[in-house]
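The block underneath contains the structure these notes are about, expressed in structure tokens.
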Amino acid sequence: VVIRNAAGGFDASDVNFAHITASDGLNVSGDVGIGTDNPDFRLHILTNAAGGDGIFVDDNSTSEASPYIRVRGRRSDGNSSQSFSGSLVLEKWRGNAGTGTNQHLGSIIFGGNYSTAPTTTTGMTYGASISAIAEGAFSNINTAPTALVFRTGTVGLGTLGLPNIAYGDTESLRINSNNNVLIGSASDTGTASQKLQVDGGAYVSGNLGVGVTNPTFPLTVNGNLYFEPNSNGYIRGNDSSQNGLNGSFLLIGISGNSI
């Protein structure tokens with residue numbers, strides 16, 4: 001089955017589906033092409049639309065569960081590779097060159113309506129996304145430096161398919177191609193071997209353990225501590241003064257006795 005018109009799209013003059021109802025269904029034994037004479041997949045859509053085309057699943061019920069896209073992979077053996085499970089593949093094909101630095105490879109975009117009666121093109125705004133970004137040039141099959149970027153914010157965009165646009169006005173978190181987690185920065189602020197890098201403050205509500213699995217104090221360190229104060233540096237105890245060592249400190253030796 002091939003659905004097309006002279007412009008590569010579809011209209012009712014090509015194929016009339018008026019007589020196909022939900023009870024009838026549509027059974028096609030071969031491949032289905034929309035906009036292409038030679039489909040390579042069970043459903044192959046080829047589009048040249050300047051404004052972008054896609055697949056739109058619209059929920060017409062206000063009380064039932066939302067629709068979803070579901071892919072199930074089936075194997076007869078115990079192979080655990082993700083290649084044999086349901087997968088969502090987003091890929092970029094850059095014409096005349098390989099994929100370059102800082103190019104988007106694909107995004108999952110989240111949005112909601114601000115209008116009480118949104119249409120397919122108006123009344124929606126999109127303010128968060130999860131994207132894959134090329135952090136370097138793709139020079140061969142084994143060279144693909146890729147990061148995952150999480151963007152959030154308070155400013156949305158009302159149009160999908162915009163070129164070179166990130167949905168979500170702030171990069172909140174990045175897992176870069178060195179497998180480091182970066183918060184508050186798009187690039188390493190420490191060294192490549194430091195797996196968690198935070199640019200800004202941090203708050204821990206429970207106990208923090210360094211080299212300790214079950215810390216019993218707000219800060220429990222298994223190892224040596226090194227303090228390198230600047231000209232205004234100090235160690236502060238339970239005291240409002242900032243003029244040196246104040247408050248109570250208990251130093252415990254290896255034997256467990258106070259020193």
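- The backbone N or O of Val89 sits nowhere less than 3.5 Å from a side-chain atom of Ser87 that would complete a donor-acceptor pair.
- The closest donor-acceptor contact from the side chain of Glu135 to the backbone of Ser177 lies under 3.5 Å.
- At a threshold of 4.5 Å between non-hydrogen side-chain atoms, the residues Leu105 and Thr99 count as touching.
- Counting only N and O atoms by type, the side chains of Thr191 and Ser193 include a donor and acceptor under 3.5 Å apart.
- Listed by chain and residue number, nothing satisfies the salt bridge (Lys or Arg N to Asp or Glu O under 4.0 Å) test with Arg74 (two or more places apart in sequence, or in another chain).
- Residues Ile175 and Leu196 share a single hydrophobic cluster, defined by chaining ILVMFWY side chains whose heavy atoms lie under 4.5 Å apart.
- In terms of modelled atom types and a separation under 3.5 Å, the side chain of Thr170 and the main chain of Ser172 share no donor-acceptor contact.
- One distance of note links CE of Met124 with OG1 of Thr159; it measures 12.0 Å at 0.5 Å rounding.
- Residue-environment remark: CG (Asn60) stays at or below the threshold of 12 foreign heavy atoms within 6.0 Å.
- By the rule that hydrophobic residues join a cluster once side-chain heavy atoms approach within less than 4.5 Å of another member, Val32 and Ile55 end up as members of one cluster.
- Side-chain atoms of Asn178 do not come within 3.5 Å of backbone N or O of Asn180 as any donor-acceptor pair.
- Counting only heavy atoms from C-beta outward, the side chains of Leu173 and Leu182 never approach each other to under 4.5 Å.
- Between Asn38 atom CG and Leu46 atom CG the span is 10.5 Å, to the nearest 0.5 Å.
- The main-chain N or O of Phe84 is never found under 3.5 Å from a side-chain atom of Ser81 such that the two would form a donor-acceptor pair.
- There is no path of hydrophobic side-chain contacts, each under 4.5 Å, that joins Leu160 to Val149.
- Here the CZ-CZ distance, from Arg70 to Arg72, works out to 4.5 Å after rounding to the nearest 0.5 Å.
- Here the side chains of Arg94 and Gln103 are in contact, with some heavy-atom distance below 4.5 Å.
- Looking at heavy atoms from C-beta onward, Leu43 lies in side-chain contact with Ile45 at the 4.5 angstrom threshold.
- Thr143 contributes no side-chain N or O that, together with a main-chain N or O of Asn140, makes up a donor-acceptor pair within less than 3.5 Å.
- In this structure, OG on Ser205 lies 9.5 Å from CG on Asn207, to the nearest 0.5 angstrom.
- Here the CG-CD1 distance, from Leu88 to Ile69, works out to 8.0 Å after rounding to the nearest 0.5 Å.
- With rounding to the nearest 0.5 Å, the separation of CZ in Arg174 from CD1 in Ile133 is 6.5 Å.
- With hydrophobic clusters built from ILVMFWY side chains whose heavy atoms lie under 4.5 angstrom apart, Val181 shares a cluster with Val198.
- More than 12 heavy atoms of other shown residues, nucleotides or ligands fall within 6.0 angstrom of atom CG in Asp77.
- Of the N and O atoms on the side chains of Ser107 and Ser129, not one donor lies less than 3.5 Å from an acceptor on the other residue.
- With Thr36 contributing its side chain and Ile34 its backbone, the two residues share no donor-acceptor pair below 3.5 Å.
- For the residue pair Ala137 and Pro145, the shortest heavy atom distance occurs at O-CD, 3.9 Å.
- Residues satisfying the ring pair (Phe, Tyr, Trp, His ring centres under 6.0 Å) test with Phe56, not counting sequence neighbours, are none.
- A side-chain donor-acceptor contact under 3.5 Å links Asp188 and Gln197.
- Summarising the geometry of Tyr167 relative to Leu162, their closest heavy-atom pair is OH-N, 3.5 Å, with the distance given to 0.1 Å.
- Cluster annotation: Phe110 is not connected to Leu157 through the hydrophobic network of ILVMFWY side chains, with a link wherever side-chain heavy atoms come within less than 4.5 Å.
- Closest of all the heavy-atom pairs between Thr101 and Gly136 is OG1-CA, 3.4 Å.
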